[in-house]
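Have a look at the structure below, then the notes.
Every chain is numbered from 1, with letters handed out A, B, ... down the list of sequences.
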Amino acid sequence: MTYPDAYIAGVYEHPTRLATDKSVPQLHAEVAAGALADAGLSKRDIDGYFCAGDAPGVGPLSIIEYMGLNVRHADSTDIGGSSPIAHVAYAAQAIAAGKCNVALITTAGRPRAAAEAPGSLTEIPDYPESGFELPYRPSLVAGYAMCAKRHMHEFGTTSAQLAWIKVAASHHAQHNPHALLRKVVTVDDVLGSPMVADPLHRLDCCIMTDGGGAIIVARGEIARALGRPRVRMRGFGESVKYQLGSHIDLTTTAGLKSGRMAYEEAGVGPQDIRYLSTYDSFTITVLLALEDLGFCAKGEGGRFAEDGGLISATGRLAVNTDGGGLCNNHPAHRGGMTKVIEATRQLRGEAHPAVQVRNCDLAMAHGTGGMLDRRHGCATIILERE
Amino acid sequence: MSSIDAARPSPTPNAETKEFWVAAARGELLFGDCRACGEKHYYPRSICPYCFSGEVDWPATCGRGTIYSFSVVRRGNPPYVSAYVTLEEGVSVFTNIVNCDPERLMIGQRVRLVFEVSHSGQPVAVFQPVDSC
């Protein structure tokens, strides 16, 4: 397999978590400027643009106009929160195909300032499934909760094991000055927080924040001239999972397929991954990903995560060392962007020293977007420090 | 059939799903059953989502099933139960469990089909425990 000669050349995570005085387009532009500065490139260098549904307007058109970009390649594929992870791969593919040289990927939003609830996607009354779901008042968290409940039933997973995922995130977030929640929490804190949808407590759920992030993917010869640490995509996989009524299964995600594809493309296995960024919309999202990505066997996710298993340096695998969506940031209800950014920091050796993985040469960023129970999309990239 | 539940949103039947909703008004829950590949599906489509054949029947379920998974949505006022129920025909449906004590529900518990009237007056299929608590 020849990998595209393309690199993550710049990343930027907006420091705000409450953007009362900013517009959504403004946030997209601010994160774009931040990633360009990180890369040492200018707006004129951008000739490809990638965004998802959080960009206001028809597909990418309005934001391209707002930022005054001059692009020859644009893509607004939306697979929920995992979109930016797929966009990194799409950008590398577009560069390899000669369609662009420098691609910009943005995510931004201000749901907190606007006091808007997540999961509004389900409120659209003319999707094919709408009539068969809306009458039952579908709740985003209840969908994930039903997956957790079934996992407990089949494998004996406990609420305390799920809570350890939040505990690990909080241990990491204490070192992140921008994290929304920096207080270290205990298993008892999670179990004592109000039940939202059984068996998920309030602290099993991700936070809601404003802000966003951006990534610059650049052609090899451009990236090499920048003098910044280079991060290269080694493998990518993408998959969509849904229920067709028969053969129901709520304990396996699309990550099983996307992960296998990414490993195959990269020619590596889970034992080679030194750091994992994985979407943590809820604690159960992480647990299922650990299993489906092969870090442990199906049903063993609880035992893998418990007792600090996901805490950097002391645990079994360093996961979401920025504090993740559970503690740090979940801008625009979309966690994929920050997953790529923290994986890039780890590979560059630019994570906080307290959470930096030693000799981090291979990392994975994995996203699970949509509704875990009904239909979701997963994207997995394996990234390498060069 | 229960009284109209103002909090229960109504479906918007279209040309493809009208038959399903007319059946619901008769007290029947339909699912898709493909004559070409033998796979069943839910929600029912005119084209089989397994093999793309148009030879799809929409039979009615016997209405008996078991809870595959569920969650009590505590933020509801009052709290309500979101669930997947696996019917005896082998098809699982996204639904609510009603007329029950949410604290006593269990995965695997036997439930039966009942209907509740949504905001517009359209009945929708829900389930309640066979040994109603």
Side-chain angles (χ1 to χ4, degrees), chain A residues 117-119 122-157 159 193-202 204-205 240 242-251 282 284 371-375, chain B residues 5 7-14 16-17 20-21 24 31-33 39-45 48-50 67-76 79-87 89-96 102-103 105-108 116-120 122-126:
Chain A
T122 57
E123 305 307 320
I124 310 291
D126 62 352
Y127 290 179
E129 68 276 9
S130 298
F132 306 95
E133 295 179 359
L134 291 187
Y136 305 109
R137 289 171 286 174
S139 141
L140 188 74
V141 54
Y144 286 74
M146 286 192 280
C147 297
K149 192 104 171 172
R150 186 69 197 184
H151 200 277
M152 291 174 165
H153 175 78
E154 290 186 22
F155 304 110
T157 303
S159 287
S193 65
M195 190 68 87
V196 179
D198 307 51
L200 298 182
H201 306 78
R202 184 167 182 206
D204 285 296
C205 306
V240 176
Y242 43 81
Q243 308 294 339
L244 291 182
S246 42
H247 317 291
I248 187 170
D249 165 28
L250 294 187
T251 57
F282 301 93
I284 183 65
M371 293 104 195
L372 192 62
D373 63 323
R374 283 166 283 156
R375 63 203 63 78
Chain B
D5 182 349
R8 189 178 288 290
S10 295
T12 308
N14 60 33
E16 186 184 13
T17 62
F20 178 92
W21 296 113
F31 60 93
D33 191 359
E39 289 279 7
K40 296 167 179 151
H41 64 269
Y42 186 87
Y43 52 89
R45 284 96 150 154
C48 173
Y50 285 96
I67 296 175
Y68 172 83
S69 194
F70 71 97
S71 178
V72 185
V73 183
R74 302 284 170 180
R75 285 175 306 177
Y80 61 94
V81 181
S82 198
Y84 283 92
V85 165
T86 303
L87 299 163
E89 291 86 355
V91 176
S92 299
V93 303
F94 181 79
T95 187
N96 295 136
E103 309 307 323
L105 290 176
M106 287 170 58
I107 288 177
E116 279 200 355
V117 178
S118 63
H119 188 69
S120 70
Q122 169 68 52
V124 299
V126 294

Under the side-chain hydrogen bond (donor to acceptor under 3.5 Å, both in side chains) test, which residues partner B:Q122, sequence neighbours left out?
-> none
In Å and rounded to the nearest 0.5 Å, what is the NZ to CD1 distance from A:K149 to B:I67?
-> 9.5 Å
Counting heavy-atom pairs under 4.5 angstrom with chain A, the leader among B:V73, B:I107, B:T86 is B:I107
Which heavy atom in A:P135 sits nearest to a heavy atom in B:N96, and how many Å separate them?
-> O-OD1, 4.1 Å
Which atom pair, heavy atoms only, marks the closest approach of B:Y43 to A:P128?
-> OH-CB, 3.4 Å
Side chain from CB out, backbone as N, CA, C, O: work out which of these in B:Y84 comes under 4.5 Å of a heavy atom of chain A, or both, or neither.
-> both
Tell me, side chain or backbone of B:S82 under 4.5 Å from chain A's heavy atoms, or both, or neither?
-> both
Closest approach of A:D198 to B:V72 (non-hydrogen atoms, all atoms of both residues) = OD1-O, 3.1 Å
Return the set of residues passing ring-ring contact (aromatic ring centres under 6.0 Å, His included) with A:H151 (not counting sequence neighbours), or none when no residue passes.
-> A:F155
If you tally heavy-atom pairs under 4.5 Å against chain A, which of B:F20, B:Y80, B:Y68 wins?
-> B:Y68
Per-residue tally against chain A (heavy atom, under 4.5 Å) across B:E89, B:K40, B:M106 peaks at B:K40
Measure across A:A142 and B:S71 and return the closest heavy-atom pair with its distance rounded to 0.1 Å.
-> O-CB, 3.9 Å
For side chain to side chain contact (heavy atoms under 4.5 Å, CB included), just list the numbers for B:R45 and A:L244, CA-CA rounded to whole Å, side-chain angles, deciding distance to a tenth of an Å, and then say yes or no.
-> CA-CA 10 Å; B:R45 284 96 150 154; A:L244 291 182; 3.5 Å; yes
Side chains of B:Y50 and A:S246: does their closest heavy-atom pair fall under 4.5 Å?
-> yes
Most chain A-contacting option - heavy-atom pairs closer than 4.5 Å, from B:G108, B:G76, B:A125, B:S10 | B:A125
So, the part of B:V91 with a heavy atom under 4.5 Å from chain A: the answer is both
Indicate the atoms forming the closest heavy-atom contact of B:Y42 with A:F132, along with that distance.
-> OH-CD2, 3.9 Å
Heavy-atom closest pair (B:R75 atom, A:V196 atom, distance to 0.1 Å) is NE-CG1, 3.7 Å
